[in-house]
*Asks:* 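Let me begin by handing over the structure; questions about it come next.
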Number of protein chains: 2
Amino acid sequence: MENKLSHTEENYLKAIFKITERAEKVASTNKIAEQVQTSAASVTDMLKKLNDKSLINYEKYKGATLTPDGIRLATQLVRKHRLWEVFLYDKLKFPWEQIHDIAEELEHINSDDLINRLDNFLGNPRFDPHGDPIPTSEGKFMLRNQSTLDSVPIHSKVILVGVSHHSSEFLTYLNSINVKLGTKFKITGKNSYDNSLTVESNGTQLLITHEVSKNLLVKPG
Amino acid sequence: MENKLSHTEENYLKAIFKITERAEKVASTNKIAEQVQTSAASVTDMLKKLNDKSLINYEKYKGATLTPDGIRLATQLVRKHRLWEVFLYDKLKFPWEQIHDIAEELEHINSDDLINRLDNFLGNPRFDPHGDPIPTSEGKFMLRNQSTLDSVPIHSKVILVGVSHHSSEFLTYLNSINVKLGTKFKITGKNSYDNSLTVESNGTQLLITHEVSKNLLVKPG
DNA sequence: TAGTTTTTTTAGATGTATCTAAAAAGCTGA
DNA sequence: TCAGCTTTTTAGATACATCTAAAAAAACTA
């Protein structure tokens, strides 16, 4: 845990964190390969290496989980990524669909002093421009009671507080229908045959497909 | 010139720029090795590679100079480095002796949009916290009529506008004698046997060695 | 200019991150 | 359960950046 990690190693840790954070208990070789956009063979090599460094628990054919050290490092990477996103969005006025890729690079810069000063400079934000919580320097996440738009009952009134995909395509689509964090929705209809929704927002009616609604995080409002 | 360069390649370009910017017409293998802290053999390998990419002119045993493309890239790196230094100093309130090393990492992030937005965010500064000029996005440098403190006549009054070494040791020493950009000096004495100076600054007398005075850039004031 | 010293290059390794192709292990369903 | 499919690993290459040791070229200097 004393040695600095390469960018590549850091990206693998983040990928395993991301995979095991949601549904899966362990991150399989193929899932990781997909996440870091490489071959399964390369992943196997890296898993051995990270296992030797005690950052993951890995056994042949059984996938990987993060060790406490691995979790700590991955959480700090997430903290850095999200704080840089706030900087790019709030200070440099980048549109939200462009911040992810630049933050991917900035997050690899290693200086605790830098990131803590940045945190203060930004006013210690607790959520990033996609609505994701920013871990504290101790690794604690702020939790929020939120649900996905596809799971709230008809006639509910909700506020968009986050998006669970950060791709430029998805966010650009949301821009085009004038949906952003803070946008209020009232569910006016549910179509059970394709799970699409009709909602009222900004005084207009919108059709939201299931593919979109399951990636919109909302709270009652 | 279309391919992205590795951090290492960029560091070599910067090193050659730095060497040929001052005295030397060409950058020798050994000078470069010293600058990037590696062996002469490694430098030879890299010079061949950069020559193949048309970023430098290199002939065996004859050292290297930058091509126009190489100059353009090196200048953009200098621009990025110095703008990040302004950010770290002005916005994050880092002391000036700590900003160089972090900017070394930040300068490798590639996004013209990022750096131009940063420039605007910082108010389009023309000099960095060490007093070095920041190139414009077109690669133009602001020049200033300045001289080194060791070369001004006795009884002159001058203002410190730059330092030509950025090492943490040197800058920490200047902090300790309460010298910073903008500090005014009056030369009260010159000791010809060791070229040290006595100066009046902030109402107190200081002894400045030749080693220090030749790295202080001043303008009349 | 011829010998000596310095500088630079070549040759041959090492370690990291990657790949493809093929083998091995694991899973699944008739 | 075992044949076939999927997943994962191994084996063997490639490319990059680096090193040390030794050879070659260039630069001094007496």
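Quick caveat: nothing in here was measured; it's all calculated off a predicted structure. The sequence lines fix the lettering, A, B, ..., with proteins before strands; numbering per chain opens at 1.
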*Asks:* Do nucleotides 3-11 of chain D as a string where each nucleotide becomes B, S or -: B if the base has a protein heavy atom under 4.0 Å, S if just the sugar-phosphate does, - if no protein is that close.
*Replies:* ----SSBB-

*Asks:* Parallel, tilted or perpendicular: which describes the rings of H7(B) and H108(B), with under 30° parallel and over 60° perpendicular?
*Replies:* parallel

*Asks:* Measure from OH on Y12(B) to P on dC16(D) and round the result to the nearest Å.
*Replies:* 14 Å

*Asks:* Atom CE of M46(B) to atom C1' of dA15(D): distance rounded to whole Å?
*Replies:* 13 Å

*Asks:* Using a cut-off of strictly less than 4.0 Å, decide whether T8(A) has a side-chain nitrogen or oxygen near OP1 or OP2 of dT16(C).
*Replies:* no

*Asks:* Any chance the side chains of N195(B) and N191(B) put a donor and an acceptor closer than 3.5 Å?
*Replies:* no

*Asks:* Would you check if there is a donor-acceptor pair between the side chains of D150(A) and T148(A) at a distance under 3.5 Å?
*Replies:* yes

*Asks:* Applying side-chain hydrogen bond (donor to acceptor under 3.5 Å, both in side chains), name anything that partners H130(A), two or more places apart in sequence or on another chain.
*Replies:* E85(A)

*Asks:* Could you check whether S196(A) and D194(A), counting side-chain N and O atoms only, form a donor-acceptor pair closer than 3.5 Å?
*Replies:* yes

*Asks:* dA15(D) P sits how many Å from K4(B) NZ, rounded?
*Replies:* 20 Å

*Asks:* Using the six-membered ring wherever Trp is involved, compare the ring planes of F17(B) and F141(B) and label them parallel, tilted or perpendicular (cut-offs 30° and 60°).
*Replies:* parallel

*Asks:* At under 4.0 Å, does any side-chain N or O of S39(B) touch on OP1 or OP2 of dC19(D)?
*Replies:* yes

